[in-house]
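Everything below concerns the one structure shown next.
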Amino acid sequence: MSTPATPHPQALIVLSSARTLPLSKPAGTPGISTGFFLVELAAVMAAFEEDYDFILATPDGNPPQLDINGLGLNFHAAGRMVSASARTTFQSAVKHLTPQALREKNPDLLKRRNVELDLARRHLGRIPVSQPLPKTDAEAASIRDEVVADFEAVQQRTYYSLQELIEKHRAPDDDLSLADLAFVHMPGGHAPMVDFHDNPWMGELLHTLRDSRVPISLICHAPIALTSARYRVGDEDTVTTDERHAFKGANITTVPRYGERMMLETGYPKVPGEATRLTYYVDVALKSAGYDVDLTLNPSAVKVVWDEEHALLTGNGPQSVDAQAERLAEILHSRTRRQ
């Protein structure tokens, strides 16, 4: 008789389901199409998919949207993103390589992107893809129809809302307990600025995880979730606010304002011919909320911060995702050895 397989421990993946990023400038703009960055999720899933089962969630339970802008080949270089960006920009702007020629010149980046897209289809199921913007990378825009078709060909997966997760955790006869999770990871892209920010159910989730010492991994724009930590939601869905909450003062990192300003001047969020501004900056909002925000002078430098007291692991952007996945593995290994 064969021995039953030991069930894998579970990890929670929380993604934004926002579709549109509001802008404060230009005046009257409807915002820009947005989503999550694949590389900031895929590296973590790839590191743990054989040993953990993933539970999927978004703030409202709707499927997340993949940001086409995060599929630029340079973003799939992770720690080598600076050199890869310089190389692909030169190849596109100076040598005028076609999208196909650019892919042929960067086979390592193409291979990683293909692997990560395959991983996303397997784990995330059918999800939408953001619309290209006027300054979306031409090579990334050229594959959008193919990417959309590939995701439409797979089955829809279940995404819990944050409220559902909390309610299932509180239900005595439900098998899902947030306390049993090995870790939680939340990727960035601009989308978390919309529905991770100032969200009472996100605040309740964070505190529930912290009470059980579950490591919380946040990268790029995802640390904005910590602005929600001032909220708790009671059993009757009553919301209370505590400005002196348990997360306050935690040491974290995130995307810096000056890096964001560079993107607004030259990158994909730029509205051509117009001054383009976000409604707020993540690092500024986190500092105002009472966090110790550790930034790099070079916005493209790799930065990962582990705050043991608050069980918070944060990274400053897609360039840091490999280092963050490695640090998360070390944290989990260390905890396993202590058990």
Side-chain angles (χ1 to χ4, degrees), residues 11 13-19 33-50 52-54 56-58 62-81 84-85 87-88 92 97-133 136-159 185-192 219-222 268 315 317-322 324-325:
I13 303 296
V14 182
L15 303 104
S16 169
S17 57
R19 306 286 197 268
S33 186
T34 194
F36 74 93
F37 264 32
L38 175 60
V39 67
E40 295 176 357
L41 171 65
V44 172
M45 280 190 144
F48 299 105
E49 66 173 333
E50 293 190 6
Y52 295 85
D53 292 330
F54 300 123
L56 304 174
T58 62
N62 290 320
Q65 178 161 277
L66 177 65
D67 194 334
I68 189 67
N69 296 284
L71 295 185
L73 289 171
N74 60 308
F75 286 117
H76 296 270
R80 298 179 291 109
M81 194 177 75
S85 296
R87 183 175 71 250
T88 56
S92 298
L97 295 184
T98 64
Q100 179 58 36
L102 189 66
R103 290 189 281 270
E104 292 172 356
K105 288 288 187 180
N106 297 277
D108 56 331
L109 303 181
L110 177 63
K111 179 180 180 181
R112 176 162 177 165
R113 183 174 71 186
N114 287 341
V115 168
E116 294 187 339
L117 282 168
D118 179 66
L119 180 147
R121 288 190 295 269
R122 286 188 283 110
H123 288 289
L124 303 184
R126 185 185 306 141
I127 58 172
V129 181
S130 72
Q131 294 294 326
L133 302 171
T136 294
D137 175 77
E139 189 279 326
S142 74
I143 66 168
R144 182 181 180 275
D145 288 348
E146 177 184 349
V147 172
V148 168
D150 287 343
F151 275 105
E152 288 181 345
V154 297
Q155 291 187 337
Q156 178 74 57
R157 294 289 302 274
T158 296
Y159 288 84
H185 180 66
M186 306 187 198
H190 279 96
I219 189 168
C220 199
H221 293 77
Y268 68 85
Q319 69 275 14
S320 299
V321 69
D322 286 352
Q324 186 152 342

Is the number of heavy atoms from other residues, nucleotides or ligands under 6.0 Å of [X] [atom1] greater than 12?
X: Arg80; atom1: CZ; result: no
X: Glu50; atom1: CD; result: no
X: Gln155; atom1: CD; result: no

Looking at side-chain heavy atoms only, is the closest gap between [X] and [Y] below 4.5 Å?
X: His185; Y: Gln324; result: yes
X: Asp67; Y: Phe36; result: no
X: Leu66; Y: Leu71; result: yes
X: Pro63; Y: Gln156; result: yes
X: Ser142; Y: Gln100; result: no

About how many Å separate [atom2] of [Y] and [atom1] of [X], when rounded to the nearest 0.5 Å?
X: Met186; Y: Ser16; atom1: CE; atom2: OG; answer: 11.5 Å
X: Glu139; Y: Leu110; atom1: CD; atom2: CG; answer: 7.5 Å
X: Phe48; Y: Ile13; atom1: CZ; atom2: CD1; answer: 9.5 Å
X: Met45; Y: Glu40; atom1: CE; atom2: CD; answer: 14.0 Å
X: Lys105; Y: Thr88; atom1: NZ; atom2: OG1; answer: 13.5 Å
X: His76; Y: Lys111; atom1: NE2; atom2: NZ; answer: 15.0 Å

### Query
Between Arg122 and Asp118, is a salt bridge (Lys or Arg N to Asp or Glu O under 4.0 Å) present by the stated rule, with each step listed?
CA-CA 6 Å; Arg122 286 188 283 110; Asp118 179 66; 3.2 Å; yes
### Query
Using the ring of each side chain (for Trp, its six-membered ring), is His221 parallel, tilted or perpendicular to His190, with breaks at 30° and 60°?
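Ring orientation, 0 to 90° scale: tilted.
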### Message
Please verify the inter-ring angle class for Phe75 with Phe37; under 30° counts as parallel, over 60° as perpendicular, anything in between as tilted.
### Response
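Aromatic pair Phe75/Phe37 classed perpendicular.
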### Task
From the options Leu38, Val321, Leu15, Val14, select the one residue that forms a side-chain contact (heavy atoms from CB on, under 4.5 Å) with Pro187.
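Result for side-chain contact (heavy atoms from CB on, under 4.5 Å) with Pro187: Leu15.
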### Task
Please determine which of Ile143, Leu109, Leu97 meets the side-chain contact (heavy atoms from CB on, under 4.5 Å) test together with Arg103.
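Only match with Arg103 under side-chain contact (heavy atoms from CB on, under 4.5 Å): Ile143.
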Whether [X] side chain and [Y] backbone form a donor-acceptor pair below 3.5 Å:
X: Arg87; Y: Asn74; result: no
X: Tyr159; Y: Leu124; result: yes
X: Arg112; Y: Ala77; result: no

### Minimal non-hydrogen separation, Gln65 against Ala18, with atom names
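That would be CB-O, 4.2 Å.
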